[in-house]
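Take a look at the structure set out below.
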Amino acid sequence: MKTFDDLLKQSAERDKKTIAIACAADKEVLEAVSQALNHQLAKFILFDTEEAFTSFSELVPQHADVEVRYSTSAQLAVREAVQAAGTGQADALMKGHVDTAALLREVLRDDNGLKTGKTISHVAVFEFPDFDRLLFVTDAAMNIAPDVKQKKDIIVNAVAVAHRIGINHPIVSPLSAVEVVNPAMTSSTDAALLTMMNQRGQLTGCTVEGPLAFDNAISVASAKAKGIESKAAGHADILVVPNIEAGNILYKSFMYFAHAKVGAVIEGAKVPIVLTSRADSAESKLYSIALAAY
């Protein structure tokens, strides 16, 4: 699978999953829902107040695969959407016009049925105009300064998403500023440990190669120029960033300078969670819905 168009086509061929959307009365969210219905990607349960839905009445899809549920407040809309996912009424959860922190507080409550004991992490998938494959970036939104154990979990989550969309053995590159181990640079020592975990069978379903600088991870020519002899270098599918700042900058650079298409999900909870920014386009939300539905 090399493009989001491939993902949309293949998602439409599968049984429809149900996605619960918290605070769904939002222009971009409802446009993404309409597009998803056109692609036959999923069914939806929309949660929000009656007043909020009234404000967007012309955008709320009148469709057999859409159920609208009125909540008495935005806070309750979030809780009820999370509970729908936790009780099996929905197969995935999506953030609408609500703060990320408010949604995650409900997701992480012990009584809502979504906690698994695993590290929860953000997995972003990018499609570039002139690149030969989809490229994953993790974690750009959840874990601020993950330690090596959390990075292992972050890789497990990203590999699970890659497997779901047909990348059977992704190449994972834990990034650093250098391609050698420097004890003074935690990102490089973490990368070396993760590589060893992979070689010893503690991280499976992928090849982990690091530390690598960004250019060596995605460019064969750059890796060769630096004398890096590796079948993985230059062929990365998944980039593991050292911290949230690096991930945030890389994510937004891809969007604003490389004009990449992007979809993203939160992995590690009982169900996939679509956690896009309120500033993201309907197109990005559509691709994220496709990832969750797939």
Side-chain angles (χ1 to χ4, degrees), residues 4 7 11 17-24 26 28-29 32 36 41-42 44-45 47 77-79 81-86 88 90-110 112-126 134-146 150-165 170 172 238-241 243-244 247-248 250-252 255 262-280 284-294:
F4 280 116
L7 179 63
S11 296
K17 302 297 184 182
T18 299
I19 300 177
I21 305 183
C23 296
D26 173 85
E28 299 294 339
V29 169
L41 296 184
F44 296 91
I45 308 172
F47 293 84
V78 174
R79 181 164 299 176
V82 171
Q83 289 173 344
D91 306 292
L93 176 67
M94 181 173 177
K95 171 193 162 194
H97 192 73
V98 61
D99 287 338
T100 296
L103 181 67
L104 291 179
R105 272 197 301 271
E106 291 298 326
V107 168
L108 296 174
R109 281 170 58 112
D110 290 332
N112 278 334
L114 290 184
K115 288 176 68 174
T116 62
K118 300 176 183 177
T119 299
I120 294 176
S121 59
H122 184 266
V123 184
V125 185
F126 291 89
L134 296 173
L135 190 63
F136 293 58
V137 173
T138 190
D139 178 347
M142 290 289 296
N143 295 280
I144 295 172
Q150 289 171 311
K151 287 178 181 176
K152 178 189 174 186
D153 293 343
I154 287 167
I155 290 173
V156 169
N157 288 344
V159 168
V161 177
H163 286 175
R164 283 208 303 268
I165 66 171
V172 181
I238 300 172
L239 304 178
V240 182
V241 297
N243 53 49
I244 199 169
N248 183 277
L250 193 59
Y251 184 110
K252 291 176 180 175
M255 289 183 64
V262 62
V265 292
I266 298 291
E267 196 71 14
K270 180 182 175 182
V271 301
I273 303 170
V274 177
L275 195 70
T276 55
S277 166
R278 282 176 287 181
D280 283 347
S284 291
K285 295 180 193 296
L286 172 67
Y287 298 146
S288 299
I289 288 169
L291 280 172
Y294 205 82

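The figures that follow rest on heavy atoms only: side chains count, while hydrogens, waters and symmetry mates do not. Residues take their numbers from the sequence shown, with the count starting at 1.
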Subject >> Tyr287 vs Val262, side-chain contact (heavy atoms from CB on, under 4.5 Å): CA-CA, chis, key distance, verdict >> reply: CA-CA 7 Å; Tyr287 298 146; Val262 62; over 6 Å; no
**OP:** Decide side-chain contact (heavy atoms from CB on, under 4.5 Å) for Lys285 and Met94; before the verdict, give the C-alpha distance in whole Å, the side-chain angles of both, and the deciding distance to 0.1 Å.
**Re:** CA-CA 9 Å; Lys285 295 180 193 296; Met94 181 173 177; 4.1 Å; yes
**OP:** Run the numbers on Glu267 and Ile120 for side-chain contact (heavy atoms from CB on, under 4.5 Å), then give the verdict.
**Re:** CA-CA 6 Å; Glu267 196 71 14; Ile120 294 176; over 6 Å; no
Original post:
Could you walk me through whether Leu41 and Lys17 pass the side-chain contact (heavy atoms from CB on, under 4.5 Å) check?
Top reply: CA-CA 8 Å; Leu41 296 184; Lys17 302 297 184 182; over 6 Å; no
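Ring geometry, Phe126 versus Tyr251: the interplanar angle exceeds 60°, so the pair is classed perpendicular (tilted spans 30 to 60°).
Test Val161, Ile273, Leu93 against Val265 for side chain to side chain contact (heavy atoms under 4.5 Å, CB included) and you get one pass: Val161. The side chain to side chain contact (heavy atoms under 4.5 Å, CB included) with Leu103 is formed by just one residue from the set Ile266, Leu108, Val82; it is Val82.
Distance check: Leu7 CG to Ile165 CD1 gives 6.0 Å after rounding to the nearest 0.5 Å. With rounding to the nearest 0.5 angstrom, the CE atom of Met255 is 9.0 Å from the NZ atom of Lys252.
At least one donor-acceptor pair closer than 3.5 Å links the side chain of Asp139 to the backbone N or O of Ala141. Not a single donor-acceptor pair under 3.5 Å links the side chain of Thr119 to the backbone N or O of Gln150. Checking side-chain atoms of Asn243 against main-chain N and O of Ala145 turns up no donor-acceptor pair under 3.5 Å. A distance-only check finds no donor-acceptor pair linking the side chain of Ser288 to the backbone of Val274 [under 3.5 Å]. A donor-acceptor pair under 3.5 Å is formed between the side chain of Lys270 and the backbone N or O of Gly86. Side chain of Asp26 to backbone of His97: no donor-acceptor contact under 3.5 angstrom is found.
The shortest side-chain heavy-atom distance between Gln83 and Arg79 falls under the 4.5 Å cut-off. Considering only heavy atoms from C-beta on, Ile21 comes within 4.5 Å of Phe44 through its side chain. Within the 4.5 Å cutoff, the side chain of Asn143 has no heavy atoms near those of the Ile244 side chain.
The nearest pair of heavy atoms linking Ala162 to Ile238 is CB-CD1, 4.4 Å. Across all non-hydrogen atoms, the minimal contact from Thr138 to His122 is OG1-O, 2.7 Å. The two residues Val78 and Ala22 have their closest heavy-atom pair at CA-CB, 3.8 Å. Between Ala269 and Thr116 the shortest heavy-atom distance is C-CG2, 3.6 Å. A pairwise comparison of heavy atoms in Val125 and Phe4 identifies O-CZ, 3.2 Å as the closest pair. Of all the heavy atoms in Val29 and Gly96, the pair that sits closest is CG2-CA, 3.9 Å.
Looking at Lys118 and Asp153, no side-chain N of the basic residue comes within less than 4.0 Å of a carboxylate O on the acidic one, giving no salt bridge.
Looking at Asn157 and Ser121, their side chains do bring a donor and an acceptor atom within 3.5 Å of each other.
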